[in-house]
Every structure is written in C-alpha cells, then in structure tokens.
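Each remark here refers to the structure printed beneath this line.
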Amino acid sequence: ELIVKEGHYPDNRVFVTGLPRWDELIPEMLSRNVITFMPTWQPDIANLTQNMFENTAFYKTYKTLFESSQFVNYMSQNNIDAHLILHPKFLRYSQSFKKLKPVTINVSSDITTLISESQILVTDYSSTAWDSLYLGRKVIFFRYADLHNNNGLNVNTIGTVVNDSASLIAALIESNDPTHSQLESYF
C-alpha cells in the first residue's frame, strides 16, 4: 500500500513478498537477558571530530543513561547484558562509547543474531524496530529532546515511546509486560 501510494506504482505492479532480511531472524534464539540499543545515524553529526561528537546531545544522552546508577544497578541486579550497535556511519565514534560501562559496543556484530537474541530493542526510529516486532520482542523508542527526525515512522502506534533517560529506565524495569497488543495488526 505504501509503495503504491508514495511510490506511485500501479497496483498490478506491486507484489507482497515479505522482507528477505526476516528470513534470517530466529525467534527461538532468545536465550539470554540482552537489551540492544540501536540508534540511527543522524546526518548532522556524522562527520564531526571525536571531540565535537562527544559534545552532541546524541552522545551526552547515551553517556548519561549508561553511566546512571539506576541503569547500572538495573542491569546488574537482573543479570542483563546491554549491547550498543552503532550505525556504520558512526563507527568512527566507537572509541567514545567504549569508555562507557556496562555496555558492550558491537561494531561488527551479526545484527540479525543480536536482534534474535535480544529481549528488548531500544532505538530512536531505526527500521530494525520492525525486525524486533516481527520476533515478538518489545521495542522502546528513545526519543530524546534533540532528536528531530522519525523517518516517517509513527512510533506511538508500535512501541513504548520515552523522551528521557529516567523514562527509559522506568520502561526497562516494566519490560516484563506482554508485548504490545497492536503487533497483530502488523503481522
């Protein structure tokens, strides 16, 4: 429907075939406590120096979250691994994130495997949200104050939306709730 409306293709030229990238997602791989953070790259901060990057709201927001005692305690008490997957255009900034604990930085991980293993995906508006939703996992959209883009995705209808670190931590603590009832309308 989106392709027909937005792409201006005739109905008889569009076939629903699924997404091949979902063929590799394995629901049964959920075997450990993993939360994956997967923010989308942002063009306005993709070509900064390391020092300039560390002064962006993007970096400061994640740094504040990962260093907060409430986050560290929650992860430790619940034996949860946190993984941060940086967009390939942000790999040059991975050193900045490697200083932060208790998060594992994945710069060349098999994203499909990590998403399959993860209980929760935290993203701003990445299309990987659909991968997690397809697997029946919880998705939390972390929409901090300086984030202006949403990639055309109405995140309010498919996941929990939070706007600051405290709300994100609260959503993680409540993460034992069943996945969103609206998933059935998509899959």
* Which is it for Arg13 and Val4 under the side-chain contact (heavy atoms from CB on, under 4.5 Å) test, yes or no, and what are the steps along the way? -> CA-CA 9 Å; Arg13 302 279 300 164; Val4 171; over 6 Å; no
* Which atom of Leu172 lies closest to which atom of Ile140, heavy atoms considered -> CD2-CD1, 3.8 Å
* To do: Could you tell me how the ring of Phe58 sits relative to the ring of Phe53: parallel (under 30°), tilted (30 to 60°) or perpendicular (over 60°)?
  => tilted
* **Spacing of Gln119 atom CD and Ser132 atom OG [to the nearest 0.5 Å]** => 11.5 Å
* Asked: Looking only at atom types and distance, does a side-chain atom of Ser167 sit under 3.5 Å from a main-chain N or O of Asn163, one as donor and one as acceptor?
  -> no
* Between OG1 on residue Thr160 and CZ on residue Phe142, distance to nearest 0.5 Å -> 13.5 Å
* **N-O pairing of Arg137 and Glu117 below 4.0 Å** => no
* Donor-acceptor pair, Thr49 side chain versus Met52 backbone, under 3.5 Å? -> yes
* To do: Tell me whether Val72 is reachable from Leu168 by hopping between hydrophobic residues (I, L, V, M, F, W, Y) whose side-chain heavy atoms are closer than 4.5 Å.
  => no
* To do: Kindly indicate whether the side chain of Thr128, heavy atoms from C-beta on, has any atom under 4.5 Å from the side chain of Leu121.
  => yes
* Structure fact -> For Arg143 and Val161, the nearest pair of non-hydrogen atoms, with its separation, is CG-CG1, 3.7 Å
* Structure fact -> Minimal heavy-atom distance between Thr36 and Val34, with the atoms involved, is OG1-CG1, 3.8 Å
* Check whether any side-chain heavy atom of Phe141 lies under 4.5 Å from a side-chain heavy atom of Val162, and answer yes or no. => no
* Asked: To the nearest 0.5 Å, how far apart are CG in Leu84 and CD1 in Ile35?
  -> 12.5 Å
* Asked: Leu48 and Tyr93: which non-hydrogen atoms are nearest, and at how many Å?
  -> N-OH, 2.7 Å
* Short side-chain to backbone donor-acceptor contact, Asn55 and Asn51, under 3.5 Å -> yes
* Asked: When rounded to the nearest 0.5 angstrom, what distance separates CD in Gln70 from CD1 in Ile173?
  -> 5.0 Å
* Asked: Parallel, tilted or perpendicular: which describes the rings of Phe66 and Phe37, with under 30° parallel and over 60° perpendicular?
  -> perpendicular
* Over all atoms of both residues, closest heavy-atom pair of Lys99 and Tyr59 -> CE-OH, 4.3 Å
* Can you tell me if Asn73 and Ser76 form a side-chain donor-acceptor pair at under 3.5 Å? -> no
* Asked: So how far is it from Leu91 CG to Leu86 CG, rounded to the nearest 0.5 Å?
  -> 6.0 Å
* Asked: Backbone N or O of Ala166 within a donor-acceptor pair of the Asp164 side chain at under 3.5 Å?
  -> yes
* Closest non-hydrogen atom pair between Thr123 and Pro39, with its separation -> OG1-CA, 4.3 Å
* Please test Gln50 against Gln95 for side-chain contact (heavy atoms from CB on, under 4.5 Å), starting from the C-alpha separation and ending with a verdict. => CA-CA 9 Å; Gln50 197 78 25; Gln95 286 305 114; 4.3 Å; yes
* Gap separating the CZ atom of Phe90 from the CD atom of Gln42, nearest 0.5 angstrom -> 5.5 Å
* Contact check, side chains of Ile169 and Leu65, non-hydrogen atoms, under 4.5 Å -> yes
